[in-house]
Amino acid sequence: MESEKVLCVAEKPSVAKEIAKILSGNRFVMRNSRINYIKNYEFKCQLNSKEVQVIITSVCGHINALDFPSQYAKWDSCSPTVLFDAPIVKKTIDENAESIRENIFNIAHSVSHLMIWTDCDREGEKIGSDIADVCRMANSDIVVSRARFSAIIPLQIKRAWESSAQLDMNQAEAVGTRMELDLRIGCAFTRYQTLGLRQIFPELGNGILSYGSCQFPTLGFVVERYKAVENFIKEKFWKIHVVEERDDTIVNFNWDKGVLYNVNCCNAIYCDLIMDQPVIATVIEVVTKETRKYKPFPLTTVELQKAGCRFLHISSDEIMKIAEDLYNKGFISYPRTETDQFDHHFNFNDLIQAQTQDPRWGDFASSLLDKRITTRKGRHNDQAHPPIHPVQYATGLTSKEKTVYEFVVRRFLACCSDDAKGNETTVRIKIKEEYFTAKGLVISENNYLDVYPYDRWSDTNLPNFILNETFTPKECTMVEGETTPPEYLTEAELINIMDKNGIGTDATIHEHIKKIIDREYIEKRDQGNKTYLVPSNLGLAIVEGYDSIGFNESLTKPLLRAKMEQNLKEICEGTREKNAVLTENVNKYRDMFLITHNNLQLLIGGFAKYFASSSGTDDVHKVFNDIINVENPKLVRWCRDSWPMYLKKIQNNWIISCINYPNCNYDGFFFNNSSSIKSITVNNEVCSICSKNPLQPVYCLTIVYRTNRIIRGCFGGCDDNMDMLLSRSSGTSNKPRNIDADSHSRRDRGSGSGTRGRRSSRGDGENDIQGTSQGTRGSRGSRVSKRGGRGGRGSRGRGNRAGRGFTSTRGRGRSRGRGSNDNDSGVYDNEPL
DNA sequence: GCAAGGTC
């Protein structure tokens, strides 16, 4: 009997390989897939005391992404407001992902068990659930389980193999929610501000003015610091400074009171001190204690990026590219990790041994061999990857690769070393009732500092002072000073702030910074030997413009994103449902969008400070009104030969499709702006506009917009009025095309399968369809039969449902809330989703 | 042409 087959799928090729090595004991057959970096590893292995055949492969991150259907692709195809409610389609990311998907799909046919080995985080759970979907499509009986591991080491992997559990669908749903919200909000605001502001301010050229829930707070941080510097008001202060010279060494004593901002107050104290000459200082305390400079924590991605900017003078974006190259060449471990603690079983010795051959740090590495290695333990563990460390000795590197590799090695060796140690002496003196302190440091053991030159710790000489001795200081002066402004933000600081505020992830922080540089929101400025980030005029205009609107929760501050993250966490914890979070957030951001539009003069005002406007106030409103009031129905396709049509509402969109071809998803009219539509009425009676063809069933459509504008048109009878209706949908000619029935049905078959599978589950509670039925059911039914349809049963079914589509939805709107099946509410199962 | 999140 053939043994059971298990398919294991990891999130990335490197993990698939490691797991294969561990579970097979390095005895596997490696087969290529169509993508050169995706391999399939095959071997036999015991699972629950039974021998099974194992195939381990991987995806390469996400395989699916969300997007709007193609009819929304053009930026002026609809109002940006529509994007808050528009349908969303799931698509494979690109051709590579398609091949990866095929690889899994093909294997899944012949296996009985799928084990998910994606990273054990939120994104991993989503990727895993997408993998499971692919496999279930190939093999509906496949048993799916989830391996959970906290490090890719034999103990963990073997335990995960023997005790796999279930996917956490809450986490997968949370990621799906994030994806949808980012898409809707990002695209809506980006289109709106780009299309509008570029028209008003020609200097902006053709660049994109993007909005993103991460990029805006990132810009906000840069602007905030910039303003703190620019608006800084210097303040004078005064202090008393005592200097002593002894054994050719100058000793500065700092006043315990620090500084005073009141000159009279400081002067009074000072006058009292120097009233009796000579000034006598008494040593009241001489303490020497051991101190240490702690060695660094194990290296995370964020720390690597910060160090790259600070010590290596390489941008975070570039340093990640270099780190990924080093990883792909097998020189360093996985560079995207949040973990700052090494596992108990981590094998330090072999890795240190590998570095002993280097002329720069080899001797230091040798000195660590055979020592008991202890490292500092940070508070982060992503349960997937160890801290970044060298995995083998590297040669043949480019100049920048060398720099980064050297940093990784030195950091690793520093972690394995001991803290630097020294003795710190504190001398405290008293003059009358005022106290002053001086400190000195003598380093006794450099330890990690010998291999880690990025940290500085130096001796400060302090000559001998004896307790209770008195002396007359060389100087005792009152010194005036003034406060100095903070410095502009450095990239390292920005990374730190983003990390602390939860903006982006370790793997994306550098992308957000690069994005706002590419968008010309911020720029780099060299000053001295440092590089700072400062906002451009465009960046300042955006932040000032949006901030002047005065939202309750600022678009340019991190709190908004943090709240969304909190909602996602609640989905993960099972305390909230995906749909509730989606609805709440979509409504919230839609409100913010509309507040922006209603306060346009404030947004424009922010820009007008920096850019010349080409438009007057009225023009500004017209430009933006034109952008969001795209009210006219949009023609997607019109299949004239497939009358009659039916009307349905999906999510927030009106669809008119042909009854004869229920799989005709896109052949019909698509009113993708229902947020501006108050009602749509279909009367299948003689059209009052044309009255041309009373013998044909004619469907008269009346669209009432929220602005009370009414458009009427008819179809099924008079092309003239249809043309009129359609030609208003855009500036171009939208003359309906004739499509013959045969080619039409072929296309239907092609498009049907790919667009099924998702049910609308969110009604909007409105009751917009006010259809009437006047003896049309029979005629529609007979038409369907005459046209062929799909036979008697099918035509009857469709006829009835079409009738409901037109006629029976009165009063049903509210029942189409979450959880209801669209088939029960007059909507076909051929959703365009 | 738009987001942010995976990864090569």
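Both backbone and side-chain heavy atoms feed into the values below; hydrogens, waters and symmetry mates do not. Every value quoted in this text rests on a predicted model; they were computed, and no experiment measured them. Chain identifiers are assigned alphabetically (A, B, ...) following the order of the sequence lines, protein sequences preceding nucleic acid strands; residue numbering begins at 1 within each chain.
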Using side chain to side chain donor-acceptor pair (under 3.5 Å) as the criterion, list what pairs up with Ser164(A), not counting sequence neighbours. Ser145(A)

Look at all strands and tell whether Glu324(A) reaches a base, only sugar-phosphate, or nothing, counting heavy atoms closer than 4.0 Å. nothing

side-chain contact (heavy atoms from CB on, under 4.5 Å) against Glu203(A), all qualifying residues, sequence neighbours excluded: Phe611(A), Ala612(A)

Counting any heavy atom closer than 4.0 Å, what does Cys214(A) reach on the DNA or RNA strands: base, sugar-phosphate only, or nothing? sugar-phosphate

Counterpart residues, side-chain contact (heavy atoms from CB on, under 4.5 Å), relative to Glu493(A) (two or more places apart): Arg225(A), Leu489(A), Thr490(A)

Opening and closing nucleotides of DNA chain B in contact with chain A, under 4.0 Å to non-hydrogen atoms: dG1(B) to dC8(B)

Among residues 192-202 of chain A, which residues get a heavy atom nearer than 4.0 Å to DNA chain B? Thr194(A), Arg198(A)

Within residues 554-566 of chain A: residues closer than 4.0 Å to DNA chain B (heavy atoms): Arg561(A)

Could you check whether atom CD of Glu523(A) has more than 12 heavy atoms from other residues, nucleotides or ligands sitting under 6.0 Å from it? yes

Salt bridge (charged side-chain N to carboxylate O under 4.0 Å, His left out) against Arg191(A), all qualifying residues, sequence neighbours excluded: none

Using a 4.0 Å heavy-atom cut-off across all strands, classify Asn206(A) as base, sugar-phosphate, or nothing. nothing

Side chain to side chain donor-acceptor pair (under 3.5 Å) partners of Arg136(A), counting only residues at least two apart: none

By side-chain contact (heavy atoms from CB on, under 4.5 Å) - contacts of Glu18(A) (at least two apart): Lys21(A), Ile152(A)

How would you label the contact of Ile35(A) with the nucleic acid (heavy atoms, under 4.0 Å): base, sugar-phosphate, or nothing? nothing

Distance under 6.0 Å and angle within 45° of the ring axis: does Lys39(A) meet both against Phe28(A)? no

For Gly504(A), which contact category applies under a 4.0 Å heavy-atom criterion: base, sugar-phosphate, or nothing? sugar-phosphate

Just to verify, what does Glu11(A) make a side chain to side chain donor-acceptor pair (under 3.5 Å) with, not counting sequence neighbours? none

For Asp168(A), the side chain to side chain donor-acceptor pair (under 3.5 Å) test, sequence neighbours excluded, returns Gln171(A)

Listed by chain and number, what are the side-chain contact (heavy atoms from CB on, under 4.5 Å) partners of Thr190(A), not counting sequence neighbours? Trp75(A), Thr194(A), Ile208(A), Ser210(A), Tyr211(A)

5'-most contact on DNA chain B (nearest-nucleotide basis), Tyr37(A) vs Ala188(A), goes to Ala188(A)

So what does Asp325(A) touch, heavy atoms closer than 4.0 Å: a base, only the sugar-phosphate, or nothing? nothing

Taking the nucleotide of DNA chain B with the closest heavy atom to each, which residue, Asn328(A) or Tyr211(A), is nearer the 5' end? Tyr211(A)

Would you classify Lys321(A) as touching base, sugar-phosphate or nothing, given that sugar-phosphate means primed atoms plus P, OP1 and OP2, and contacts are heavy atoms under 4.0 Å? nothing

